[in-house]
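Below: the structure, in structure tokens.
A, B, ... follow the sequence lines: proteins, then strands. Residue 1 opens every chain.
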Protein chains: 2
Amino acid sequence: MNIGDAAGCLESLGNDTRLSIFRALVRSGPDGLPVGRLQSRLKIPGSTLSHHIAHLVNHGLVSQNREGRVLKCVANYRRMNDLVGYLTKECCSDVGGCP
Amino acid sequence: MNIGDAAGCLESLGNDTRLSIFRALVRSGPDGLPVGRLQSRLKIPGSTLSHHIAHLVNHGLVSQNREGRVLKCVANYRRMNDLVGYLTKECCSDVGGCP
DNA sequence: ACATTATTTCTATAGAACTAGAAATAACGA
DNA sequence: TCGTTATTTCTAGTTCTATAGAAATAATGT
């Protein structure tokens, strides 16, 4: 991962609503959750939710696959792993006790 | 670290300029760098730089200590460690291969 | 074809963020 | 005290971002 992608992912997660969405997806495991399920859980208007999900998808943190009428959203664990790897490697230091 | 602090840190680092500042500080080790040094390295106007540094300081990612006329900025490794810990614990999953 | 459900795109608006010049403050040496 | 260097605060302009209602699209069953 390069610095631009990292900043993009960080910006995506650096918003309370989007971080909540992402956490909900991570917790729900590899099966993910339909958009409507996120909507009822997080209690936000569909258009707003859709906007934020698109942001996460654009930065590779979430992927979607349609199952009939329902759109399943899944956290992209590999992408998140890459991000954490970048932060650990490029933004931490042996000196300071980072992993 | 709680979700609010995490989102704040992520938002801080989710900006190309601030991420560059932070990386420069991390790379320079526990001695850090003076503001002026960052300015000449990153080639950005003082007021803009000051604005971004204040943002990082406000979110606990950078601390400052004056040495005479020079203000030294130092990356807060512990804070960064906490952030990475939060992401690993709350936003990753065993299933997906995250650490 | 139509009704229903699920989700997105369009559109507008209010507020926040980024940028940077100019003026102000801080620290120090002469 | 004055001048110089280092940095911040003030101010303003422009550009992004978040929000959400309304209309449009997609998918399915009847």
Self-check item: Aromatic ring proximity, centroids under 6.0 angstrom, H55(A) and H59(A)
Solution: yes

Practice problem: For H51(A), report the nucleic acid contact type (base, sugar-phosphate, nothing); a contact means any heavy atom under 4.0 Å. | Solution: base

Exercise. State, with a plain yes or no, whether a side-chain heavy atom of S28(A) is found less than 4.5 Å away from one of V74(A).
Key: no

Exercise. Scan E67(A) against the nucleic acid and name what it touches under 4.0 Å (heavy atoms): base, sugar-phosphate only, or nothing.
Key: nothing

Quiz prompt | Rounded distance [0.5 Å steps], CD1 in I21(A) versus CG in L56(A) | solution = 6.0 Å

Quiz item: Taking for each residue the nucleotide of DNA chain D with the nearest heavy atom, is it G68(A) or P45(A) whose nucleotide lies nearer the 5' end?
Solution: P45(A)

Quiz item: Is there side-chain contact between C92(B) and V26(A), with at least one heavy-atom pair below 4.5 Å?
Solution: no

Quiz item: Start at the 5' end of DNA chain D and walk down; is the nucleotide closest to T48(A) or to E11(A) reached first?
Solution: E11(A)

Quiz item: chain A on DNA chain C: first and last contacting nucleotide, 5' to 3', under 4.0 Å to a heavy atom?
Solution: dT4(C) to dT9(C)

Quiz prompt | Whole-Å distance separating the CG atom of L38(B) from the P atom of dA6(D) | solution = 14 Å

Exercise. Could I get the full list of side chain to side chain donor-acceptor pair (under 3.5 Å) partners for H52(B), not counting sequence neighbours?
Key: R18(B)

Self-check item: Check: I44(B) main-chain N/O paired with T48(B) side-chain donor or acceptor under 3.5 Å
Solution: no

Exercise. Remember a base hit wins even if backbone is also touched, and classify G46(A) as base, sugar-phosphate or nothing at under 4.0 Å, heavy atoms.
Key: base

Exercise. Check every strand shown and say whether R18(B) touches a base, only sugar-phosphate, or nothing at a heavy-atom separation below 4.0 Å.
Key: sugar-phosphate

Quiz item: How close or far is atom C1' of dT25(D) from atom CG of L71(A), stated in whole angstroms?
Solution: 12 Å

